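Notes follow the structure.
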Amino acid sequence: MRAWQVDRLGEPADVMQLREVPDPVPAAGELLVRVRASAANFPDVLMCRGQYQVRPDLPFTPGVELCGEVVALGDGVTGHAVGDRVVGRPRLPHGGFAELAVLPQSAAFPAPEALDDAEAASLHIGYQTGWFGLHRRAHLQPGETLLVHAAAGGVGSAAIQLGKAAGARVIGVVGGTAKAEVARSLGADVVVDRRTDDFVAVVREETQGRGADVVYDPVGGDTYARSTKCIAFEGRIVVVGFASGDIPSAALNHALVKNYSILGLHWGLYDQRDPASVRACHDELVRLADAGAVRPLVSERLALADVADGVQRLGDGTTVGRVAHVAT
């Protein structure tokens with residue numbers, strides 16, 4: 001099969017190589033799938049750079065989520081059959097940027113019928129992260145104000161839709177007019193272009209000085225620091241990631257005197273410690289997709305040969321929504 005492989009660390013465009021490699025063979029408890037679509041995620045960028053908390057042995061094929069068709073079952077697999085359309089997280093080193101991939105049975109879920117392959121491939125990680133962040137960690141309530149950073153990106157766009165589905169008022173922060181239009185199209189009630197406007201001032205004005213009840217922050221750095229200046233009494237800041245490359249130091253005295261909470265979110269731990277909650281979340285996301293409340297924004301559908309360029313542009317911060325490889 002053809003697969004993108006990384007055998008040294010660096011920028012995706014430099015280290016990803018499209019090669020002919022042996023077909024993977026599913027072990028006990030695994031599914032072999034023909035990849036129908038695979039979505040690029042920021043962890044793919046970080047793994048290429050050697051900066052992610054999971055560091056697969058070299059060489060490996062990146063691509064941490066996909067939509068595929070089951071073509072073979074390992075020993076002991078139940079609940080799946082050849083021909084099933086599934087979504088999930090492939091088991092590295094056989095990631096989704098390939099013609100075939102391997103999924104652990106526990107990480108494979110029925111693909112939503114309401115979504116096409118690229119949309120289904122983009123649903124799992126970003127929307128699971130958003131759902132757990134907003135509901136399990138922050139307990140977002142109808143009528144509350146949700147501030148979403150990087151609102152036109154894959155993670156942020158999911159948070160906008162999930163926030164609206166929960167009945168929140170959503171303020172999205174983006175960089176540039178094109179991304180502002182994307183955030184509006186996703187349903188954000190207020191959009192702030194950080195290149196021209198101060199999101200702290202806008203949040204204060206839009207909430208009559210109260211501040212945002214929940215902040216969803218995949219950026220870190222100065223974005224986190226400034227978010228503490230517009231967080232509401234008993235507000236919750238959900239720390240999702242550090243796309244800025246700067247991990248901030250929290251001023252705990254400020255959290256104390258202002259009565260707000262700082263909530264870390266490592267979604268992968270739910271898969272390890274509470275897998276039933278991940279499956280229940282998937283069922284809820286399928287329900288929301290069937291109802292039309294969520295639909296991943298896939299801005300680019302790439303041939304396999306163009307994947308490395310797409311992953312690089314994701315790392316450079318020039319993409320909107322999701323970039324996905326779609327098999328032809």
Side-chain angles (χ1 to χ4, degrees), residues 42 126-175 179-180 183-184 186-267 269-270 317:
F42 206 69
Y127 283 79
Q128 285 259 351
T129 299
W131 193 93
F132 275 93
L134 297 179
H135 293 288
R136 185 80 172 244
R137 301 296 284 138
H139 300 286
L140 181 68
Q141 300 299 308
E144 289 191 318
T145 297
L146 167 65
L147 176 63
V148 178
H149 291 293
V155 171
S157 61
I160 289 177
Q161 293 184 347
L162 289 167
K164 293 300 296 179
R169 187 164 188 260
V170 179
I171 301 175
V173 181
V174 300
K179 292 185 177 183
R184 290 189 187 95
L186 291 164
D189 298 285
V190 178
V191 178
V192 184
D193 183 349
R194 58 180 170 77
R195 295 178 180 174
T196 58
D197 296 301
D198 176 7
F199 74 80
V200 174
V202 173
V203 169
R204 288 174 175 169
E205 180 180 357
E206 291 291 334
T207 60
Q208 292 75 52
R210 184 176 183 277
D213 299 289
V214 175
V215 175
Y216 192 78
D217 180 18
V219 178
D222 185 60
T223 294
Y224 167 85
R226 293 184 56 72
S227 295
T228 66
K229 301 180 183 300
C230 59
I231 187 72
F233 171 74
E234 294 193 328
R236 292 86 76 198
I237 300 176
V238 184
V239 179
V240 184
F242 311 104
S244 68
D246 181 7
I247 300 176
S249 297
L252 298 184
N253 60 324
H254 191 260
L256 185 152
V257 299
K258 294 294 185 179
N259 264 57
Y260 63 84
S261 301
I262 305 163
L263 306 172
L265 174 62
H266 179 191
W267 170 74
L269 282 182
Y270 288 100

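The structure displayed is predicted, hence computed values, not measured ones. This chain uses plain numbering: 1 for the first residue, then up along the sequence.
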Legend entry - Check against side-chain contact (heavy atoms from CB on, under 4.5 Å), I262 and L252: CA-CA 9 Å; I262 305 163; L252 298 184; 4.2 Å; yes
Inset, instruction - Please report the shortest heavy-atom distance between I160 and A188, naming the atom on each side. - result: CG2-N, 3.7 Å
Inset, instruction - Output yes when a side-chain donor or acceptor of E234 lies under 3.5 Å from a complementary backbone atom of A232, and no otherwise. - result: no
Legend entry - Student check: side-chain heavy atoms of I171 and F199 closer than 4.5 Å: no
Legend entry - Nearest heavy atoms of S227 and V215, plus distance in Å: OG-CG1, 3.7 Å
Legend entry - Interatomic spacing from CD in E206 to CG in L147 - rounded to 0.5 Å: 11.5 Å
Legend entry - Heavy-atom side-chain contact between V190 and R169 under 4.5 Å: yes
Legend entry - Heavy-atom check, side chain of D213 versus side chain of T207, under 4.5 Å: no
Inset, instruction - For the pair E144 and R236, evaluate side-chain contact (heavy atoms from CB on, under 4.5 Å) and give the outcome as yes or no after the intermediate values. - result: CA-CA 11 Å; E144 289 191 318; R236 292 86 76 198; 2.8 Å; yes
Inset, instruction - Find out whether Y270 and Q128 are in side-chain contact, i.e. whether some heavy atom of one side chain is under 4.5 Å from a heavy atom of the other. - result: no
Inset, instruction - Please tell me if the side chains of K164 and L186 come closer than 4.5 Å, counting only heavy atoms from C-beta onward. - result: no
Inset, instruction - Might you point out which heavy atoms bring I231 and A212 nearest each other, and give the distance in Å? - result: CD1-O, 3.2 Å
Legend entry - Any V170 side-chain heavy atom under 4.5 Å of D189 side chain: yes
Legend entry - T223 vs S244 side-chain heavy atoms within contact, under 4.5 Å: no
Inset, instruction - Measure the shortest side-chain to side-chain distance between H149 and R226 over non-hydrogen atoms and say whether it is less than 4.5 angstrom. - result: no
Legend entry - Minimum heavy-atom distance A166-L140, with the two atoms named: CB-CD2, 4.1 Å
Legend entry - Heavy-atom closest contact (G220 atom, P248 atom, distance): CA-CD, 4.2 Å
Inset, instruction - For residues Y127 and L162, report the shortest heavy-atom separation together with the two atoms involved. - result: O-CD1, 3.5 Å
